[in-house]
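Here is the structure we will look at, set down as structure tokens.
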Amino acid sequence: MLLCIDCGNTNTVFSIWDGTEFICTLRTSTEHQRTADQYFVWFSTLVTHHGIEPRITDVIISSTVPRVVFNLRVFSDRYFGTRPLVVGKPDCLLPTDPRVDAGTQVGSDRLVNAAGAFDRHGGDLIVVDFGTATTFDVVAEDGAYVGGVIAPGVNLSLEALHQAAAALPHVDITKPQAVIGTNTVACMQSGIFWGYVGLVRELTGRIKAEYDRPMRVIGTGGLAPLFDQADVLFDRVESDLTMHGLKVIHRYNKENS
Ligand SMILES: Nc1ncnc2c1ncn2[C@@H]1O[C@H](COP(=O)(O)OP(=O)(O)OP(=O)(O)O)[C@@H](O)[C@H]1O
Ligand SMILES: CC(C)(CO)[C@@H](O)C(=O)NCCC(=O)O
Ligand SMILES: [K+]
């Protein structure tokens with residue numbers, strides 16, 4: 001079985017692929033202090049709770065937080081006896097190399113999204129991922145990541161409003177009934193929700209205008225389904241795109257190394 005680990009700046013997601021399907025997905029907050037042993041206590045407790053007896057033979061990791069990789073490597077070595085593949089490291093091959101400015105370290109989550117989306121849909125894509133940041137990844141005709149956009153994440157923007165303005169509470173993101181809010185919370189929800197609808201529409205429109213071929217837009221990340229209710233922003237929403245990309249990169253490395 002393959003354990004896929006997607007470590008973002010906010011959350012780390014573990015998902016077990018049994019060769020046919022993802023049988024268990026677990027989410028924890030990203031904390032660089034967490035040790036290999038702490039990961040294992042958490043992981044083994046929850047898989048047992050789900051009635052699963054995983055026999056992990058392979059591990060692949062994507063991390064946007066460099067400091068957590070060491071402990072995840074130890075976790076993999078110590079508890080599963082396997083050396084993990086780490087996306088972005090020289091010994092992890094990508095199906096297609098990114099074409100970006102020399103010296104640019106593209107976030108591994110974006111490379112993984114590009115690989116996963118290309119595997120499912122072919123090229124000429126924009127992947128919009130609503131994580132800590134809202135990222136737009138452009139996938140060329142041949143599957144290469146060729147650039148994109150990084151905007152502040154939805155939860156980050158809400159948190160920034162709350163932190164910076166004494167009278168603004170912490171609010172959860174939902175789709176407001178109206179655009180004109182008649183109370184503070186409704187005003188904030190409208191600003192974030194409809195503001196991000198506009199951000200996504202404007203940026204995908206401008207990317208399409210700059211790119212010389214027709215493109216499709218794939219939404220992913222926890223909040224993509226929410227924004228999908230608003231408007232025709234995406235051709236597809238796929239919540240498991242990053243996990244799918246990890247599986248694709250793992251398979252590519254097995255077949256080509
Ligand atoms: N089905 C869902 N409905 C609503 N919110 C969700 C859902 N799934 C996840 N979320 C929330 O959406 C947010 C985005 O989740 P996602 O995993 O895409 O990114 P993240 O964990 O915030 O960021 P990163 O991957 O950069 O750490 C999270 O705060 C999560 O709690
Ligand atoms: C933009 C984030 C934070 C999104 O998770 C991540 O992909 C990252 O740290 N990227 C590095 C810079 C880049 O992708 O160009
Ligand atoms: K993510």
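Order of listing sets the numbers, starting from 1, for every ligand and every atom in it.
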* To do: Among all protein heavy atoms, pick the one closest to atom 15 (O) of ligand 2 and tell me residue, atom and distance.
  => Arg110 NH1, 3.3 Å
* atom 17 (O) of ligand 1 touched by protein heavy atom at under 4.0 Å -> yes
* Please indicate whether Lys89 has more than 12 foreign heavy atoms, meaning atoms of other residues, nucleotides or ligands, lying under 6.0 Å from its NZ. => no
* Structure fact -> atom 30 (C) of ligand 1 has as its nearest protein heavy atom Arg27 NH1, 4.2 Å
* Stepwise, does the side chain to side chain contact (heavy atoms under 4.5 Å, CB included) test hold for Val139 with His121? -> CA-CA 10 Å; Val139 184; His121 303 288; over 6 Å; no
* Which residue and non-hydrogen atom of the protein lie closest to atom 25 (O) of ligand 1, and at what distance in Å? -> Gly8 CA, 3.9 Å
* Asked: Can you tell me the protein heavy atom closest to atom 14 (C) of ligand 1 and the distance?
  -> Phe130 O, 3.6 Å
* To do: Please say whether Gly222 places an N or O atom under 3.5 Å from an N or O atom belonging to ligand 1.
  => yes
* **Those atoms of ligand 1 less than 4.0 Å from some heavy atom in Leu223** => 5 (N), 12 (O)
* Structure fact -> closest protein heavy atom to atom 12 (C) of ligand 2 is Gln105 O, 3.7 Å
* Compute the shortest N/O to N/O distance between Thr135 and ligand 2 and return yes if it is under 3.5 Å, no if not. => no
* Tell me: protein heavy atom nearest atom 21 (O) of ligand 1, and distance? -> Asn11 ND2, 2.8 Å
* Asked: Do any nitrogen or oxygen atoms of Gly131 come within less than 3.5 Å of a nitrogen or oxygen of ligand 1?
  -> no
* What's the shortest distance from atom 14 (O) of ligand 2 to any protein heavy atom, and which residue and atom give it? -> Gly107 N, 2.8 Å
* How does Thr132 reach ligand 2, if at all, at less than 4.0 Å between non-hydrogen atoms: by side chain, backbone, both, or neither? -> neither
* Which pair of heavy atoms, one from Glu31 and one from Tyr39, lies closest together, and at what distance? -> O-OH, 4.2 Å
* Please name the pair of heavy atoms, one in Asp124 and one in Pro214, separated by the smallest distance, quoted to 0.1 Å. => CB-O, 3.4 Å
* Arg73 side chain near Val86 side chain, heavy-atom distance below 4.5 Å -> yes
* Is the closest side-chain donor-acceptor distance between Thr30 and Thr12 under 3.5 Å? -> yes
* Atoms in ligand 2 flagged as close to Thr64, the criterion being non-hydrogen separation under 4.0 Å -> 5 (O), 6 (C)
* Asked: Which ligand 1 atoms are under 4.0 Å away from a heavy-atom of Gly221?
  -> 18 (O)
* Asked: Does CZ in Phe70 sit with more than 12 non-hydrogen atoms of other residues, nucleotides or ligands closer than 6.0 Å?
  -> no
* Is the backbone of Phe136 close enough, under 3.5 Å, to the side chain of Arg110 for a donor and an acceptor to pair up by distance? -> yes
* **Test of proximity, Asp109 against ligand 2: N or O pairs below 3.5 Å** => yes
* **Ring geometry between Phe43 and Phe14 (parallel below 30°, tilted from 30 to 60°, perpendicular above 60°)** => tilted
* **Distance filter under 4.0 Å to Asn9 heavy atoms, resulting ligand 2 atoms** => 3 (C)
* Would Asn71 and Thr35 count as having a side-chain donor-acceptor pair, cut-off 3.5 Å? -> no
* Asked: Quick one: which of Thr132, Asn155, Thr64, Leu226 has a heavy atom closest to atom 29 (O) of ligand 1?
  -> Asn155
* What is the ring orientation for Phe234 with Phe130, classed by angle as parallel under 30°, tilted 30 to 60°, or perpendicular over 60°? -> perpendicular
